[in-house]
K.L.:
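Please see the structure below; I have some questions.
Position 1 is the first residue of the sequence; numbering continues from there.
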Amino acid sequence: MSKPHSLETLPHRQHGVVAAIDWAKLAVPEARRLRELGFDEGVDVEVLHRAALGRGPIACRIGRMTVALRRAVAGAIHVSPAHAPAE
C-alpha cells in the first residue's frame, strides 16, 4: 500500500483502509461519534460523494452505512488506498 493520506483527499469511489485517526484534531463529541459509527484503524471506507465546490460534507461508506462527515473531520482520518472488495 502507498503512504496514507486524509480521507478528505481520497478519490471518489476509491476504497481505502483507515490507517490512523488523529483524535487530537477532533472535539470530544466528534471523536465519540466516530467511534460509535465504527471508525477505527483497519476499517474499510469508500468516498461516495463530495459536496459541490469542495466546501461541504463528504459522504462515505463504512461497512453497510453511509455517513456524511464534515471536511475537518475527514481530514483527521488517514487512509491507505485499498483494492475494491470482490463482489
K.L.:
Considering all heavy atoms of both residues, which atom of Ser6 and which atom of Gly75 are nearest to each other, and what is their separation?
P.N.:
CB-O, 3.6 Å
K.L.:
If you measure from CD1 on Ile58 to CG on Leu10, what distance do you get to the nearest 0.5 Å?
P.N.:
9.0 Å
K.L.:
Got a sec, which pairs hit side chain to side chain donor-acceptor pair (under 3.5 Å) with one end in residues 18-27, sequence neighbours left out?
P.N.:
none
K.L.:
What distance do Leu69 atom CG and Glu8 atom CD have between them, rounded to the nearest 0.5 Å?
P.N.:
10.5 Å
K.L.:
Passes side chain to side chain contact (heavy atoms under 4.5 Å, CB included), Cys60 versus Val45? Steps please.
P.N.:
CA-CA 7 Å; Cys60 63; Val45 66; 4.1 Å; yes
K.L.:
Considering residues at least two apart in sequence or located in another chain, which fulfil the salt bridge (charged side-chain N to carboxylate O under 4.0 Å, His left out) criterion with Arg33?
P.N.:
Glu36
K.L.:
Measure across Pro81 and Gln14 and return the closest heavy-atom pair with its distance rounded to 0.1 Å.
P.N.:
CB-NE2, 3.0 Å
K.L.:
With sequence neighbours left out, write down each residue that passes side chain to side chain contact (heavy atoms under 4.5 Å, CB included) with Ala19, or none if nothing qualifies.
P.N.:
Pro4, Ser80
K.L.:
With sequence neighbours left out, what residues match Arg61 under side-chain hydrogen bond (donor to acceptor under 3.5 Å, both in side chains)?
P.N.:
Glu46
K.L.:
With clusters defined by side-chain heavy atoms of hydrophobic residues (ILVMFWY) lying less than 4.5 Å apart, directly or transitively, does Met65 cluster with Val73?
P.N.:
yes
K.L.:
Who pairs with Asp40 by side chain to side chain contact (heavy atoms under 4.5 Å, CB included), at least two apart in sequence or on another chain?
P.N.:
Val43
K.L.:
Which residues pass the side chain to side chain contact (heavy atoms under 4.5 Å, CB included) test with Ala27, not counting sequence neighbours?
P.N.:
Pro29, Glu30
K.L.:
Quick check: do Arg50 and His12 have side-chain heavy atoms less than 4.5 Å from each other?
P.N.:
yes
K.L.:
At their closest point, which heavy atom of Thr66 faces which heavy atom of Ala59, and how far apart are they?
P.N.:
CG2-CB, 4.5 Å
K.L.:
Measure the CZ-CG distance between Phe39 and Leu7 for me, rounded to the nearest 0.5 Å.
P.N.:
6.5 Å
K.L.:
Roughly how far apart are Asp44 CG and His15 NE2, rounded to 0.5 Å?
P.N.:
8.5 Å
